[in-house]
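First up is the structure itself, then whatever we jot down about it.
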Amino acid sequence: MDMWNDGPTKAAILDFVERVTTQGPDFVEPEARVAVFDNDGTLWCEKPMYIQLDFIVRRLAERAATDASLADQQPYAAAVSGDLNWFGGAITKHYQGDNADLKVMAAAVMSLHESMVVEDHAALVSAFFAEAAHPTLGRPYLSCVYTPMVELLRYLETHDFTNYIVSGGGRDFMRPITGSIYGIPPERVVGSSQGLKFDGAEGHGNLLIQPALDVFDDGPEKPVRIWNRIGRRPILSAGNSNGDDEMLMYSGRPGKAALRLLVLHDDAEREFDYTAGAERALEHASQYGWSVASRKNDWTTVFD
């Protein structure tokens, strides 16, 4: 844990891992050492907009270029003009309880890849990451990963934890690259998803993306999806927003060892400084004694 400064947060992590991996009252068998991590803002950068939003904005602009009737409608108008504030605002409003703009955006997004074969969609995602860069940091998106959090993933693995991503981001957007950047294989990625349909003929078949939401893996849906997909209650969880609040609450059971880690964006010099969309989670961290990882104070570095 060399990328973590000495302090209460690092001490809480080390103490927790020591307690659950050493024979004693808090010992947890290796198969039950489940750790879940949000992705956007927890494992990689989410400002000035989510990385997946950049992918979506480019795809929306491509769609508008082929259909002029869409250019004056949201979210196509924002995509064509490069109005990233509209997209970021829709997400922030969602975390503050207003889903009006998010619904408009979701309807367009659902239709973007209709009837596309899932492997073809994965190829589009891989091509995007091969060339796209962060608009203000000037770094390739694959280098916008928080290295102290990756170090935490490796530290947990050495102590027989199994790490999962549980994100509001798209499952099929994350899966093509989580193995290479986090060491987390696609079968351990839980996220939002569109419906799928099997299409078969002459002894072969494909899964085709459907223009309908299967699940939006955010807020109270996260614990549901954790149980559906993993079948175990995590003993460690990490997030950074109100959308992770319920996942952190679900970690551990009363009287049992658990670590809830809330990542705080408070380093304008090395990344960004904001708390919008994390107000409730920060209040609960203070109220219930959850650990808060300050980028400014707890991390020796942010990016590799």
So, the side chain of R33 versus the backbone of V28: is there a donor-acceptor pair under 3.5 Å, distance only?
yes
Pair D172, H121: side-chain N/O donor-acceptor within cut-off below 3.5 Å:
no
Residues forming a ring pair (Phe, Tyr, Trp, His ring centres under 6.0 Å) with F129, sequence neighbours excluded
W44, F173
Note, D83 side chain near W86 side chain (heavy atom, < 4.5 Å)
yes
Could you pull out the closest heavy-atom pair between F27 and T22, with the gap in Å?
CB-O, 3.4 Å
Residue pair N240, T42: steps toward the side chain to side chain donor-acceptor pair (under 3.5 Å) verdict:
CA-CA 6 Å; N240 80 115; T42 301; 3.1 Å; yes
Applying side-chain contact (heavy atoms from CB on, under 4.5 Å), run through M174 and N39 and close with a yes or a no.
CA-CA 9 Å; M174 296 180 287; N39 187 43; 3.6 Å; yes
Nearest 0.5 Å, please: how far is CD1 in I184 from OG1 in T178?
6.5 Å
If you take all heavy atoms of A278 and N242, which pair is closest and at what distance?
C-OD1, 3.1 Å
Can you name the nearest heavy-atom pair linking Y76 to A108, along with the distance?
OH-CB, 3.7 Å
Are any of the side-chain heavy atoms of M149 and W299 separated by less than 4.5 Å?
yes
Closer than 4.0 angstrom, basic N to acidic O: yes or no for E283 and R280?
no
Ignoring hydrogens and geometry, is there a side-chain-to-backbone donor-acceptor pair from H204 to G200 under 3.5 Å?
no
Parallel, tilted or perpendicular: which fits the ring planes of F16 and F161, with parallel below 30° and perpendicular above 60°?
tilted
Look at the side chain of H134 and the backbone N and O of K47, then say whether any donor-acceptor pair between them is shorter than 3.5 Å.
yes
Taking the side chain from T158 and the backbone from Y155, do they hold a donor-acceptor pair closer than 3.5 Å?
yes
Let's go through L261 and L152 carefully: what are the C-alpha distance in whole Å and the side-chain angles of both, what is the deciding distance for side-chain contact (heavy atoms from CB on, under 4.5 Å) to 0.1 Å, and is it a yes or a no?
CA-CA 11 Å; L261 182 65; L152 176 58; 4.0 Å; yes
Quick one, P148 and T300 - any side-chain contact, counting heavy atoms below 4.5 Å?
no
Please examine the side chains of L102 and K93, heavy atoms only from C-beta on, and report whether any two atoms are closer than 4.5 Å.
no
Does any non-hydrogen side-chain atom of R171 lie less than 4.5 Å from one of S192?
no
Nearest 0.5 Å please: distance from the CE atom of M3 over to the CE atom of M1.
10.5 Å
Roughly how far, to the nearest 0.5 Å, is the CD atom of Q194 from the OG atom of S111?
8.5 Å
Side chains of V17 and L156 in contact at under 4.5 Å (non-hydrogen atoms):
yes
Is the backbone of L60 close enough, under 3.5 Å, to the side chain of E62 for a donor and an acceptor to pair up by distance?
no
Any chain of hydrophobic side-chain contacts (each under 4.5 Å) joining V117 to F198?
no
Short question: side chain of N5, backbone of N297 - any donor-acceptor pair under 3.5 Å?
yes
Besides M249, the hydrophobic cluster formed by Ile, Leu, Val, Met, Phe, Trp and Tyr side chains linked at under 4.5 Å, directly or via other members, contains V34, V36, Y164, V166, V190, I226, W227, I230, M247, L248, Y250, L262, L264, L282, Y288, W290, V292
Evaluate the side-chain proximity of L14 to W4: yes if any heavy-atom separation is below 4.5 Å, no if none is.
no
I'd like to know if the side chain of R225 and the backbone of D217 have a donor-acceptor N/O pair within less than 3.5 Å.
no
How close do Q74 and V104 get, heavy atom to heavy atom, and via which atoms?
O-CG1, 3.5 Å
Heavy-atom check, side chain of F272 versus side chain of P48, under 4.5 Å
yes
Nearest heavy-atom pair of G252 and A258: which atoms, and what distance?
CA-CB, 3.8 Å
If the plane angle is over 60° it's perpendicular, under 30° parallel, otherwise tilted; pick one for F55 and H113.
parallel
Under a 4.0 Å N-O cut-off, is there an ion pair linking K296 with D266?
no
Is a salt bridge present between K10 and D298, judged by a nitrogen-to-oxygen distance below 4.0 Å?
no
CD (E187) with more than 12 external heavy atoms under 6.0 Å:
yes
Shared hydrophobic cluster for M49 and V80 (ILVMFWY, side-chain gaps under 4.5 Å)
no
So how far is it from K197 NZ to S115 OG, rounded to the nearest 0.5 Å?
6.0 Å
From Y182 atom OH to N163 atom CG, the distance as rounded to the nearest 0.5 Å
12.0 Å
Given the rule in the ring pair (Phe, Tyr, Trp, His ring centres under 6.0 Å) test, do F87 and Y50 qualify, once you have shown the distances and angles that lead to the verdict?
CA-CA 9 Å; F87 293 95; Y50 293 91; over 10 Å; no
Go through the steps to decide whether I209 and V118 satisfy the test side-chain contact (heavy atoms from CB on, under 4.5 Å), and finish with yes or no.
CA-CA 7 Å; I209 297 172; V118 290; 4.2 Å; yes
Looking at D67 and R63, is any side-chain nitrogen of the basic one under 4.0 Å from a carboxylate oxygen of the acidic one?
no
Report the C-alpha distance between I165 and R188 in whole Å, list the side-chain angles of each, state the deciding distance to 0.1 Å, and finish with yes or no for side-chain contact (heavy atoms from CB on, under 4.5 Å).
CA-CA 6 Å; I165 291 176; R188 285 197 258 127; over 6 Å; no
Only one of N206, D214, L207, L208 passes side-chain contact (heavy atoms from CB on, under 4.5 Å) with L196; say which it is.
L207
Minimum heavy-atom separation for A281 and S241, please, with both atom names.
CB-O, 3.6 Å
Should V189 and V215 be regarded as members of a common hydrophobic cluster, given that ILVMFWY residues are connected when their side-chain heavy atoms come within less than 4.5 Å of each other, either directly or indirectly?
no
NZ of K256 to CG of D26: how many Å apart, nearest 0.5 Å?
8.5 Å
Check: D38 side chain, S167 main-chain N or O, donor-acceptor pair, under 3.5 Å:
no
Tell me if a side-chain donor or acceptor on R260 pairs with a main-chain N or O of S251 at a distance below 3.5 Å.
yes
Check for a donor-acceptor pair, side chain of D98 on one end and backbone N or O of A100 on the other, with a separation under 3.5 Å.
yes
Answer yes or no: is there an ion pair linking R295 with D273, defined by an N-O contact shorter than 4.0 Å?
no
For E151, is there an ion pair with R154 - N to carboxylate O distance below 4.0 angstrom?
no
Is the distance between the ring centroids of Y274 and H265 under 6.0 Å?
yes
